[in-house]
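Letters A, B, ... are given to chains in the order of the sequence lines, protein chains preceding strands, and every chain is numbered from 1.
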Amino acid sequence: MLSIKNLHASIDGKEILKGVNLEVKAGEIHAIMGPNGSGKSTLSAVLAGREDYEVTEGSVTFNEKDLLELLPEDRAREGVFLAFQYPVEIPGVSNVNFLKIALNEIRAYKGLEPMEAKDFLVRLKEKQKLVELDGKLASRSVNEGFSGGEKKRNEIFQMAMLEPKLSILDETDSGLDIDALRIVAGGVNKLKSKDNAIIVITHYQRLLDYIVPDVVHILYNGKIVKSGPKELALELEEKGYDFIKEQVGA
Amino acid sequence: MSNEVLEEQINSDYKYGFVTDIEADNAPKGLNEDIIRFISKKKNEPNWMLEYRLKAFRYWLTLDEPHWAHVSYPQPNFQDIIYYSAPKPKVQLNSLDEVDPELLKTFEKLGISIEEQKRLSGVESRIAVDIVMDSISVKTTFKETLLEKGIIFCSFGEAVQEHPELIKKYMSSVVPYTDNFYAALNSAVFTDGSFCYIPKGVRCPMELSTYFRINSSGTGQFERTLIIADEGSYVSYLEGCTAPMRDENQLHAAVVEIVTHKNAEVKYSTVQNWYPGDKNGKGGIFNFVTKRGICLEDNSKISWTQVETGSAVTWKYPSVILKGDNSVGEFYSVAVTNNYQQADTGTKMMHLGKNTRSTIISKGISAGFSNNSYRGLVRISKGATNARNFSQCDSLLMGDKCGAHTFPYIEIKDKTAVVEHEATTSKIGEDQLFYCKSRGIDNEKAIGLIVNGYCKEVLNKLPMEFAVEAQKLLAVSLEGSVG
Ligand SMILES: Nc1ncnc2c1ncn2[C@@H]1O[C@H](COP(=O)(O)OP(=O)(O)OP(=O)(O)O)[C@@H](O)[C@H]1O
Ligand SMILES: [Mg+2]
């Protein structure tokens, strides 16, 4: 589904990604861990198409398409979804309206008619339940005045509504309380299928107890320096990043 | 976003720029007492009206064009304007069948239905429309239905003929011809406009609306609107306007007066979409308008809502004189400027009565090379005890070649007044745009969405049909303004 080869990206002339390689197949869950500033959010932003970053080398293919050639909105329409580490507020635009427009834009790209209001409402209710999102939040302005945890939950609600093929969850767990973490993770698990894939970026093993990854990668200084089964996360938790530093000789 | 992209993309489409090929009855170019007599004669006016015009004209001759607004433009040549242009033949239209088919087509293109029958069937969305093309009112719908309730809704010219006592009593009582340069000019040469009187205790059952259209080349439009809400009455009034695309600048100098009596309320909404000129700043309407209302008696309310997207230069300050005790004035405004448009707009709230309250919400959006200024005056006179004002003026910048300015003036002569002013300036967020895009929403739609969200407080004040139109208009006006 997703194939990243030797990806280099920089911002304001500073290289952040220094040759990332990653293969994700449909039905898989990948976890990316790594110290602060190692480039995790940069990688997700580059995949989603943020224009501030310059890709200097490498390639990304997504379902046989050259992802880097696509506009950010077209990447979303092709099925890439990014749950933001820091979700953005859009005052005056209701969550519901925002999602209706997004959904219909994605449908239009696929040559589908706008969704019937009735069907949209049904989906809204269903997905709201899935992540136990307060109905009031759905009708409020996008993320405006939401608490940190509410914003994160809202990201997963959006993911549920848009039904992407590849979801990148950038530290969705941070800011969620213990119950919320369980609920949101449960929602993500329900959204998982053999046809879609999920990349979870996290600092904590805790999330991976709920969303169990097939592979864990460690991003360090702009490169994936180690990949392994889910136990790698446990090892990290135990030993910290120092053992990685030693291994890569930093 | 890089400036090249921005420049490359600045190009907004004005879809009302067509010209209707219709025969017109014009006055010769120029302005002098003979022209004024010509207009007055054409309109078959009583002598007192002619005298009023001449007085205004003589006063106007003593004035200089004002230059205090934050706008610059070539001074209009007042001798090079046609002051009267009427679609021919000017006959009394009794049914829609008698309307020139070209005219009907025009209004179809503008998206206005003047078919009463159609409107009648949809009970909820009934709007009575007065249509003013160049200098005359061509059709007023629903007149009879309204008359059953005692509501007078007709063209200004007709009101002069049929309700002279009301015109004599109220015209010029809020905006005297001595008020300013353009008010004087308008008082001398005004041609048509709408008149509306809501009798005691009547809630107008439908929205009243006037649609202004400049069609002929070389003409100016000088309309006058007068709205009177008698004791305990209510009306919501809408005004829309468009003009063809021309290289020349055309002058539009209107006067609107509103009077509310005890416990009465008038809600006045405008969607101003005169031709703004092309993307290099050529052509477009000069929109120099005096709009003012007076809450003459206690517990009355006047509310102005405006969405200003058109015109090359706008100079406009819908104001409220809060004379009656406990009266309320409101001003909700969205002003968008793109390319080389200039707008200097705002309001004046003059508190005279006790416990008077006013609210000002202004949202300016500037893009391209445009300049957008908010200018507002809040005056609390001595004796206006416990007056309250709240003002909020927000500016949104798109790109870095445009300007936003705020000129709030506050004069407080009474110690008990409470006046609050808030102002913000922000740039349209890259983060917001990217967030929208990451959800599959393209640049144009994202801008529309963000801007509409930003203006929501104001758009919410518009009647439903108008709000939808205004939202689309905002998106169109800003098309291509952010790369
Ligand atoms: N405009 C910029 N100019 C220079 N450096 C930048 C710029 N933007 C981001 N960076 C740097 O890029 C590096 C990677 O940032 P990124 O947000 O991808 O890290 P991260 O792995 O997501 O960290 P965290 O775990 O804290 O979220 C950081 O060192 C950051 O300071
Ligand atoms: Mg990060």
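Heavy-atom distances place the backbone of Y454(B), and not its side chain, under 4.5 Å from chain A. For F98(A), the parts sitting under 4.5 Å from any heavy atom of chain B are the backbone and the side chain alike. Heavy-atom distances place no part of C455(B) under 4.5 Å from chain A, backbone and side chain included. With a 4.5 Å cut-off on non-hydrogen atoms, L162(A) touches chain B through its side chain but not through its backbone. Interface residue V80(A): only backbone heavy atoms are found under 4.5 Å from chain B.
A donor-acceptor contact shorter than 3.5 Å links the side chain of Q432(B) to the backbone of E89(A). Between the R439(B) side chain and the A102(A) main chain, no donor and acceptor come within less than 3.5 Å of each other.
Side-chain contact between E105(A) and K437(B) is absent, with no heavy atoms from C-beta onward closer than 4.5 Å. With contacts defined as side-chain heavy-atom distances shorter than 4.5 Å, the pair N452(B)/V93(A) does not qualify. Two residues are said to be in side-chain contact when any heavy atoms from C-beta on lie closer than 4.5 Å; D74(A) and D442(B) fail this criterion. Looking only at side-chain heavy atoms (C-beta outward), I101(A) and L449(B) come within less than 4.5 Å of each other.
If you check the side chains of Y435(B) and N143(A), you find a donor sitting under 3.5 Å from an acceptor.
Distance check: S438(B) OG to Q158(A) CD gives 8.0 Å after rounding to the nearest 0.5 Å.
Enclosure of atom NZ in K445(B) is not indicated, since only 12 or fewer non-hydrogen atoms of other residues, nucleotides or ligands lie within 6.0 angstrom. More than 12 heavy atoms of other residues, nucleotides or ligands shown are found within 6.0 angstrom of CZ on R50(A).
Put simply, of A108(A), P164(A), A45(A), A48(A), the one with the most heavy-atom pairs under 4.5 Å next to chain B is A48(A).
Smallest separation of non-hydrogen atoms from E73(A) and I441(B): CB-O, 3.8 Å. Between G440(B) and A76(A), the shortest heavy-atom distance links the atoms N-CB, 3.3 Å.
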